Amino acid sequence: MFTGLVHHFGTIQAVVPTSKGCRLTIQSQFEDIDIGESIAIDGVCLTALEPKGGQFNVELSPETLAVTTFGNCMLGSAVNLERSLRVGDKLGGHFVTGHVDTIATVVQIEEQGEFISVRFACCEDDPGLDYLVEKGSVAVNGVSLTINTLTEVGFTVMLIPHTLEVTNLSLMKVGSPVNIEYDMLAKLVVKTA
């Protein structure tokens with residue numbers, strides 16, 4: 001379980017295809033990674049393997065490659081990193097599982113002083129659109145954000161300077177794909193209604 005409060009962004013140091021998936025090496029600022037620790041990488045809950053200093057490996061399954069932006073990951077790419085919640089940690093953001101629901105596309109970026117408004121589009125037939133509500137939560141590349149407005153096929157958010165400083169959302173361009181995880185509580189409400 002995560003909160004969507006990204007600690008920092010790391011860098012993909014190696015991309016190695018395997019017989020059925022892919023293996024990534026990530027460079028981070030974390031110094032005490034445990035083997036088997038869950039780390040959200042661009043919002044995807046992955047298992048840390050072979051940690052050494054701040055570097056660790058992860059294995060990507062065919063499913064992960066098919067439903068996340070990792071299907072097109074590149075050497076040197078910046079990725080958002082968050083460690084899983086531990087007993088006693090402060091709860092901020094919202095509950096994020098690290099299970100990506102869909103990929104959305106950046107369709108508009110507009111500077112508003114120090115802030116940036118970003119509009120995302122999902123697939124028109126995406127059933128997850130029912131989980132979006134104005135002023136509700138959504139995770140974009142693992143970052144907990146508040147939905148400002150809804151559009152016919154997506155939503156807009158406002159990025160504050162701190163978020164732009166510590167996450168890879170500052171690197172987005174029109175056309176960039178992003179991992180989306182809809183709010184778990186919204187999913188439960190819609191499912192049980």
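This chain uses plain numbering: 1 for the first residue, then up along the sequence. As a basis for the values below, the full set of heavy atoms in this structure was taken, side chains included, without hydrogen atoms, waters or symmetry mates. In this text, all values refer to a predicted model and were calculated from it rather than measured experimentally.
- Here the shortest heavy-atom pairing between Pro62 and Lys20 reads CG-O, 2.8 Å.
- You'll find the side chain of Leu24 reaches within 4.5 Å of the side chain of Leu60, heavy atoms only.
- Side-chain atoms of Thr156 and Asn148 form no donor-acceptor pair, as typed in the model, at a separation below 3.5 Å.
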Less than 3.5 Å apart, which donor and acceptor atoms pair up between the side chains of residues 73-89 and the rest of the protein, not counting sequence neighbours?
from  : atom 1 : to     : atom 2 : distance (Å)
Ser77 : OG     : Met74  : O      : 2.8
Asn80 : OD1    : Asn168 : N      : 2.7
Asn80 : ND2    : Asn141 : O      : 3.0
Asn80 : ND2    : Asn168 : OD1    : 2.7
Glu82 : OE1    : Gly4   : N      : 3.0
Glu82 : OE2    : Thr3   : N      : 2.8
Glu82 : OE2    : Thr3   : OG1    : 3.0
Glu82 : OE2    : Gly4   : N      : 3.4
Arg83 : NE     : Glu37  : OE2    : 2.7
Arg83 : NH1    : Asp32  : OD1    : 2.7
Arg83 : NH2    : Asp32  : O      : 3.1
Arg83 : NH2    : Asp32  : OD1    : 3.2
Arg83 : NH2    : Glu37  : OE1    : 3.1
Arg83 : NH2    : Glu37  : OE2    : 3.2
Arg86 : NH2    : Glu37  : OE2    : 3.4
Asp89 : OD2    : Arg86  : N      : 2.7

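- Considering only heavy atoms from C-beta on, Ile39 comes within 4.5 Å of Ile41 through its side chain.
- Look at Glu50 and Arg23 and you find a salt bridge, because one of the NZ, NE, NH1 or NH2 atoms lies within 4.0 Å of a carboxylate O, short of that distance.
- Contact of the Thr151 side chain with the Arg119 side chain is registered, since non-hydrogen atoms from C-beta on lie closer than 4.5 Å.
- By the neighbour-count criterion of 12 heavy atoms within 6.0 Å, atom CD of Gln112 is densely surrounded, having more than that number from other residues, nucleotides or ligands.
- Considering all non-hydrogen atoms of both residues, Gly154 and Leu132 come closest at O-CD1, 4.2 Å.
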N/O donor-acceptor pairs under 3.5 Å from side chains in residues 183-193, not counting sequence neighbours:
from   : atom 1 : to     : atom 2 : distance (Å)
Lys187 : NZ     : Asp101 : OD1    : 3.1
Lys187 : NZ     : Asp101 : OD2    : 3.0
Thr192 : OG1    : Leu188 : O      : 2.8
Thr192 : OG1    : Val189 : O      : 3.4

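- Side-chain atoms of Val140 and Phe120, non-hydrogen and from C-beta on, do get closer than 4.5 Å to each other.
- The only option from Asp42, Thr69, Thr64, Val44 that meets the side chain to side chain contact (heavy atoms under 4.5 Å, CB included) definition with Val100 turns out to be Val44.
- A donor-acceptor pair under 3.5 Å is formed between the side chain of Thr97 and the backbone N or O of His99.
- For NZ of Lys173, the number of neighbouring non-hydrogen atoms (other residues, nucleotides, ligands) closer than 6.0 Å is 12 at most.
- For the pair Thr11 and Ile26, the minimum side-chain heavy-atom distance is 4.5 Å or more.
- Ile103 and Val178 fall into different hydrophobic clusters, where Ile, Leu, Val, Met, Phe, Trp and Tyr residues are linked whenever their side-chain heavy atoms come under 4.5 Å apart, directly or through other members.
- By the 6.0 Å contact criterion, CG on Asp34 is enclosed, its count of non-hydrogen atoms from other residues, nucleotides or ligands being greater than 12.
- In plain terms, the two heavy atoms of Val96 and Met1 that are nearest each other are O-SD, 3.5 Å.
- Within the 4.5 Å cutoff, the side chain of Val174 has no heavy atoms near those of the Gln108 side chain.
- Residues Leu169 and Thr163 form a side-chain contact, since some pair of their non-hydrogen atoms from C-beta on lies under 4.5 Å apart.
- Of the possible donor and acceptor atoms, one in the side chain of Ser170 sits under 3.5 Å from a partner among the backbone N and O of Leu164.
- Using cut-offs of 30° and 60° on the angle between ring planes, the pair Phe30 and His8 is perpendicular.
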Assess the residue pair Tyr182 and Cys122 against the criterion (side chain to side chain contact (heavy atoms under 4.5 Å, CB included)); give the C-alpha distance rounded to whole Å, side-chain angles, the decisive distance to 0.1 Å, and a yes or no.
CA-CA 12 Å; Tyr182 299 116; Cys122 304; 3.7 Å; yes
